[in-house]
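Here's the structure, in structure tokens; my notes come after.
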Amino acid sequence: MTKTIQPSQTAAFYGQALLSFGASLTAMGLGLVYLPAPGWIRAFLAIGLLYVVTSTVTLCKVVRDRHELSEVTTRVDQARLDKLLAEHDPFKVEG
């Protein structure tokens, strides 16, 4: 039997990702607030920023789901192969 390697994610990496996301979103928000431009331009850029953030989250989910689907398919194929190998007797004589 082969043991699959489970990818792990450390708490530090998770925290760094959250902190980085929060810092970038805060910096962009502050930049939009203090931008020397009329309100409608700042509102347009804010909506653009929200669109980019939601599109990024959606893309991350799609990539994750596709990866998980390929893992499930690989596991099913591996289970079938393991079953065939377990049932095979190389010393069995036919006839």
Side-chain angles (χ1 to χ4, degrees):
M1 281 299 230
T2 59
K3 184 177 180 182
T4 58
I5 298 172
Q6 294 293 335
S8 62
Q9 182 173 323
T10 64
F13 178 73
Y14 184 73
Q16 179 190 5
L18 283 177
L19 215 106
S20 175
F21 178 75
S24 66
L25 200 57
T26 302
M28 283 298 299
L30 287 173
L32 286 173
V33 168
Y34 292 109
L35 183 68
W40 69 270
I41 292 177
R42 287 186 293 184
F44 176 77
L45 292 175
I47 296 227
L49 175 64
L50 290 176
Y51 183 64
V52 168
V53 169
T54 57
S55 296
T56 303
V57 170
T58 302
L59 177 64
C60 289
K61 286 183 172 190
V62 167
V63 169
R64 182 200 61 203
D65 291 347
R66 180 174 283 184
H67 178 70
E68 286 178 353
L69 181 63
S70 70
E71 279 188 5
V72 168
T73 304
T74 304
R75 286 184 183 175
V76 169
D77 291 341
Q78 183 65 38
R80 288 179 182 159
L81 179 63
D82 288 345
K83 182 181 176 197
L84 284 173
L85 290 174
E87 292 173 352
H88 176 69
D89 183 8
F91 301 109
K92 182 178 179 182
V93 177
E94 297 286 331

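Residue numbers start at 1 and run along the sequence shown. All values derive from a computational prediction rather than experimental measurement.
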Residues clustered with [X], ILVMFWY side-chain links under 4.5 angstrom:
X: L85; value: L81
X: L30; value: V33, Y34
X: L84; value: none

Side-chain donor-acceptor pairs under 3.5 Å in residues 17-26, sequence neighbours left out?
unit_1	atom_1	unit_2	atom_2	d
S24	OG	S20	O	3.3
S24	OG	F21	O	3.0
T26	OG1	G22	O	2.7

- Task: Determine the minimum heavy-atom distance between M28 and L49, stating which atoms define it.
- Result: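 Minimum heavy-atom separation between M28 and L49: CB-CD2, 3.7 Å.
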Return all side-chain donor-acceptor pairs below 3.5 angstrom for residues 53-61, not counting sequence neighbours, or 'none' if the list is empty.
unit_1	atom_1	unit_2	atom_2	d
T54	OG1	L50	O	3.1
T54	OG1	Y51	O	3.1
S55	OG	Y51	O	2.8
T56	OG1	V52	O	2.7
T58	OG1	T54	O	3.0

- R64 atom CZ, neighbour heavy-atom count above 12 within 6.0 Å: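 For R64, atom CZ is crowded (more than 12 foreign heavy atoms under 6.0 Å).
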- For R80, side chain to side chain contact (heavy atoms under 4.5 Å, CB included) partners two or more places apart: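 Per chain and number, R80 pairs via side chain to side chain contact (heavy atoms under 4.5 Å, CB included) with V76, D77.
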